[in-house]
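First the structure, in the form of structure tokens, and then the observations on it.
Both backbone and side-chain heavy atoms feed into the values below; hydrogens, waters and symmetry mates do not. Residue numbers start at 1 and run along the sequence shown.
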Amino acid sequence: MNTKSALETESGTQAEQAASPQRPSILDQAGGAEGVIYSALPAVAFVVANRLGGIRVAIIAALGFAVAIAVWRLARKESVRPAIGGLFGVVIAAGVVWFTGSAKDYFLIGIWASLGGAVAFLASVLLRRPLVGVIWNVATGKGSVWREDKMSRRYYHIATLVLAAVFGARFAVQQYFYATDQVGSLGTAKIVMGFPLLALALLVAAWAARSSDKRLRAIGLLSAKHG
């Protein structure tokens, strides 16, 4: 009877694990490997077209690529959010260029967004409310119990500082290229320092979350159901 019960319990656990949906990875949320490539294409098209035909041609090329990618992804019934979000971002950037008449302004919003991200992440550490910990635990319904443990706070401080460094590096490098009118280098920096660099920082954030959850369960501040 004991053996039978154990087998039934194990079978039930496996069935629950199989039935429960897996949390999408960082790459999945970005639309997969293709989504990462798609997100870079409008910027590449803008830089190349600007060099060959000027600002108007560059704007048309970037918008054309963004629209084509959005239509293609929607036609394939892929996630709507990356498709629409990517198109919206390109439209805004192209609008800024059209208004200012300067090709380098295609990257302006992203540059200042990077500065804003760096300031926000760094400020949260100085205020002892690291954003990685706040965002993760609110999103997963674990509340603020992590703040009661010194090691958990340390894990999230590290991850938040890494993200602050990533956004700060983006701003510093791209602002330099912007100030020196290096449009081609801006496009390269945007791609290289975009998702690939952010993905590395998010891996650190994932490490912090796992380490904190494991410790909180070990010391009894987090129940097993929140694992």
Please list every donor-acceptor pair under 3.5 Å in which a side-chain atom of residues 182-190 meets a protein atom from a residue at least two apart or in another chain.
from, atom 1, to, atom 2, distance (Å)
Gln182, OE1, Ser185, OG, 3.3
Gln182, NE2, Thr180, OG1, 2.9
Thr188, OG1, Gly184, O, 3.2

Over 12 non-hydrogen atoms of neighbours within 6.0 angstrom of CZ in Phe65: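 No.
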Quick check: is [Y] connected to [X] through a chain of hydrophobic side chains (ILVMFWY, heavy atoms under 4.5 Å apart)?
X      : Y      : value
Phe167 : Val162 : no
Leu108 : Phe46  : yes
Trp112 : Leu122 : no
Ile69  : Trp72  : yes
Leu115 : Tyr176 : yes

Donor-acceptor contact below 3.5 Å, side chain Ser211 vs main chain Trp207: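 Judged by distance alone, yes, a pair lies under 3.5 Å.
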Under 3.5 Å: donor-acceptor pair, side chain of Ser124, backbone of Phe121: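 Pair found, side chain donor or acceptor close to backbone of Phe121.
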Distance check, rounded to the nearest 0.5 Å: [X] atom [atom1] versus [Y] atom [atom2]?
X      : Y      : atom1 : atom2 : value
Ser212 : Lys142 : OG    : NZ    : 7.5 Å
Leu127 : Arg129 : CG    : CZ    : 8.0 Å
Leu163 : Ile158 : CG    : CD1   : 12.5 Å
Thr140 : Ile135 : OG1   : CD1   : 11.5 Å
Leu198 : Leu203 : CG    : CG    : 9.5 Å
Ile219 : Met151 : CD1   : CE    : 10.5 Å

Chi angles and distances behind the side chain to side chain contact (heavy atoms under 4.5 Å, CB included) call for Val119, Phe171: CA-CA 11 Å; Val119 170; Phe171 172 76; over 6 Å; no
Side chain to side chain, Leu52 and Val57, heavy atoms closer than 4.5 Å: no
Minimum side-chain heavy-atom gap Val67-Leu87 below 4.5 Å: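 Of all side-chain heavy-atom pairs linking Leu87 with Val67, at least one is under 4.5 Å.
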Do you know the tightest heavy-atom contact between [X] and [Y]?
X      : Y      : answer
Ala205 : Ala159 : CA-CB, 3.7 Å
Ala43  : Tyr106 : N-OH, 4.0 Å
Ala118 : Gly168 : CB-N, 3.6 Å
Pro42  : Ala62  : O-CB, 3.8 Å

With Glu148 via side-chain hydrogen bond (donor to acceptor under 3.5 Å, both in side chains) - residues at least two apart: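 Listed in chain order: nothing, the list is empty.
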Qualifying side chain to side chain donor-acceptor pair (under 3.5 Å) pairs with a residue from residues 153-174, counting only residues at least two apart or across chains: Asn137-Tyr156
Sequence-distant partners of Asp149, salt bridge (charged side-chain N to carboxylate O under 4.0 Å, His left out), two or more places apart: Arg215
With Phe107 via ring pair (Phe, Tyr, Trp, His ring centres under 6.0 Å) - residues at least two apart: none
When the side chains of residues 88-104 are checked against the rest of the protein, which donor-acceptor pairs come out under 3.5 Å, sequence neighbours left out?
from, atom 1, to, atom 2, distance (Å)
Thr100, OG1, Val96, O, 3.1
Thr100, OG1, Ser102, N, 3.3
Thr100, OG1, Asp105, OD2, 2.6
Lys104, NZ, Tyr178, O, 3.2
Lys104, NZ, Asp181, OD1, 2.7

